[in-house]
There are 2 protein chains.
Amino acid sequence: MCSRTSRNSRTGRPRSIEADTAILEATRAALVDLGWSKLTMGDVAGRAGVAKTTLYRRWANKNELVVDAVAVLFDELELPDLGSLRADIEHVVLQFAALLERPETKTALMAVVAESTRDAPLRERIRASIVDRQKRLVLDGRRRAQQRGELPSDRDPTTVEATDDLIFDVIAGAVVHRALVSAEPVDGQWVARLSALLVGGLGAVATLGE
Amino acid sequence: MCSRTSRNSRTGRPRSIEADTAILEATRAALVDLGWSKLTMGDVAGRAGVAKTTLYRRWANKNELVVDAVAVLFDELELPDLGSLRADIEHVVLQFAALLERPETKTALMAVVAESTRDAPLRERIRASIVDRQKRLVLDGRRRAQQRGELPSDRDPTTVEATDDLIFDVIAGAVVHRALVSAEPVDGQWVARLSALLVGGLGAVATLGE
DNA sequence: AGCCTTTCGCTACAGGTCGTAGCGTAACTC
DNA sequence: GAGTTACGCTACGACCTGTAGCGAAAGGCT
């Protein structure tokens, strides 16, 4: 989860687990207080009651530390079966939006993604600990909708995968763009429009008034 | 466009226009070579053949400089009438994706958006010089589709505005997420699926195979 | 022409951050 | 106890930020 140099050796003094959690907690607190750009390794070390060198023994740089600190928040995401595709979509979107509204994730997520465009290991770390965790929700939602008969069953497996990827990018991208770029609230009304668009297309959402 | 302290006084030595363009060009070059995080004001000044103090006289910090440097690239976006809603969507999405594939924008866009979550003036600058420029394309596209009869005409004006906002967030968000988060190519096949989803909904895209 | 105003390039600087090295000590295994 | 690894601490060079002060350049105005 954390260190890249964890050469799980059975000898020597073991790494403090408490230090791990304290550092990640301190990182989130620093994100809230200072934001991404003004967060420094020294500050996090001070908050966590840990030497700065200890941070560098576990994380190579600020980016990887912040990814791990934020990633655990995505564990909360769940997809209870609410009985219909639209209800499932709206619920998970609201959950995701609530996560994005938190000041820790708000300032950190885009920053690390920006860094990942020039840092392949960081991109992989984000994918494994954040993106894939969200993507599972799409797979589950589609499977349920097919079982209910709301969506046609699978044909070509490659088509299915491409469609899942598309839906994921559309939903996650729309929420992120709404929350961080447009900087408008992701409320029930907006989510209702989004799910109407996804299920019925542009024609459906345009006549949503009546 | 650039300086916040441009007290357009008619007296004194005028600011060099060439310096402006040289600085913005140097900024884009530095973004390509170094990426967002390693770009420094001193480096840009050196590339532009300009003193570092000249940069600070025109832009308060790195964020605002990069926004202006990248914003001009979004002037290229156009929306020729291709005869159908789907064709219009696919064309503008491919254009937008090509812009995001460029290394300058790839590394800079997400970074400045991340900064803007804690910097209201920067957010406004981004909105005015980048976001609104894209949004106009959505308005034009919808108007044309209505004239063609592909979409129902307007009823409640507030509903119309909310729908435009939604469509914009969905399209722009999906492309950004695909290109930067999923890090997968935005090619003709993906765009075709996206436009099918937008026009016909989830059911339509699932049966796109035949 | 001469004066005034503003920008320019240059140098220097204080303040802060990064990431590492070296040290003595603490904790755990065999 | 011996060996091994993590820890806290201090110090450090390298780098970037953003500002200040200087003399010179480039315009407008009378």
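Throughout, a chain's letter reflects where its sequence line sits, starting with A, and its residues are numbered from 1.
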Point to revise | Heavy-atom donor-acceptor pair, Ser16(A) side-chain to dC7(D) base, under 3.5 Å | key: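 Counting by modelled atom types and ignoring angles, no donor-acceptor contact under 3.5 Å is found here.
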Practice item. Determine whether more than 12 heavy atoms belonging to other residues, nucleotides or ligands lie under 6.0 Å from atom CD of Glu101(A). Key: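 More than 12 heavy atoms, drawn from other residues, nucleotides or ligands, come within 6.0 Å of this atom.
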Practice item. Please state whether the phosphate of dT7(C), meaning OP1 or OP2, lies under 4.0 angstrom from any side-chain nitrogen or oxygen of Thr54(B). Key: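 The answer is no; no side-chain N or O of Thr54(B) sits under 4.0 Å from OP1 or OP2.
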Practice item. Would you state whether a donor and an acceptor, one from the side chain of Lys52(B) and one from the base of dG18(D), lie under 3.5 Å apart? Key: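 Answer is yes: a donor-acceptor pair is held.
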**Study point:** Nucleotide nearest Lys62(B) (side chain, heavy atoms from C-beta), chosen from dT20(C), dT17(D), dG8(D)
**Key:** dT17(D)
Revision key, fill the gap. Ranking dT20(C), dC16(D), dG8(D) by distance to the side chain of Tyr56(A), first place goes to dT20(C)
Exercise for review: Apply salt bridge (Lys or Arg N to Asp or Glu O under 4.0 Å) to the pair Arg102(A) and Glu76(A), showing each step before the final yes or no.
Suggested key: CA-CA 13 Å; Arg102(A) 296 177 63 157; Glu76(A) 306 171 1; 3.5 Å; yes
Check your understanding: Can you find a side-chain donor-acceptor pair between Gln147(A) and Arg143(A) that sits under 3.5 Å?
Key ->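 Distance-only check fails for Gln147(A) and Arg143(A).
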Exercise for review: Would you kindly give the CE-to-C1' distance between Met41(A) and dG8(D), to the nearest whole Å?
Suggested key: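 Taking CE of Met41(A) and C1' of dG8(D), I get 16 Å after rounding.
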Check your understanding: Are OP1 or OP2 of dA6(D) and a side-chain N or O of Arg15(A) less than 4.0 angstrom apart?
Key ->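 Yes, such a contact exists.
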Review point. Given atom CD1 of Ile23(A) and atom P of dA6(D), what is their separation to the nearest angstrom?
Key: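 To the nearest whole Å, that distance equals 13 Å.
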Review point. Got a donor-acceptor pair under 3.5 Å from the side chain of Thr53(A) to the base of dC9(D)?
Key: yes
Study note, to complete from the structure: Of dT17(D), dC28(C), dT7(C), the nucleotide closest to the side chain of Pro14(A) is dC28(C)
Exercise for review: Could you check which of dC18(C), dC16(D), dA6(D) has an atom nearest any side-chain atom of Arg58(A)?
Suggested key: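 Of all the options, the side chain of Arg58(A) is nearest to dA6(D).
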Review point. Rounded to the nearest Å, what distance is computed from the CD atom of residue Glu18(A) to the P atom of nucleotide dC7(D)?
Key: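 About 11 Å, once rounded to whole Å.
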Check your understanding: dG18(D) P sits how many Å from Trp59(B) CH2, rounded?
Key -> 15 Å
Check your understanding: Any side-chain donor paired with an acceptor under 3.5 Å for Gln146(A) and Arg142(A)?
Key ->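 Yes, side-chain donor-acceptor contact under 3.5 Å.
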Exercise for review: Rounded off to whole Å, could you give me the CG-to-C1' distance for the Asp20(B) and dT7(C) pair?
Suggested key: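 About 12 Å, once rounded to whole Å.
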Review point. Is it true that a side-chain atom of Thr105(A) and a backbone atom of Leu99(A) form a donor plus acceptor pair closer than 3.5 Å?
Key: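 Confirmed, Thr105(A) side chain pairs with Leu99(A) backbone.
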Exercise for review: Whole angstrom is fine here: how far is it from CD in Glu115(B) over to P in dT17(D)?
Suggested key: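 To the nearest whole Å, that distance equals 13 Å.
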**Study point:** Nucleotide dG9(C), atom P - distance to CG of Leu55(B) in whole Å
**Key:** 10 Å
Check your understanding: Considering only side-chain heavy atoms of Asn61(B), which listed nucleotide, dG18(D), dT17(C), dG3(D), is closest?
Key ->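 Nearest listed nucleotide: dG18(D).
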Exercise for review: Using heavy atoms to find the nearest nucleotide of DNA chain D for Lys38(B) and Ala51(A) separately, return the residue whose nucleotide is more 5′.
Suggested key: Ala51(A)
Review point. Is there a side-chain polar atom (N or O) of Arg13(B) under 4.0 Å from OP1 or OP2 of dT5(C)?
Key: no
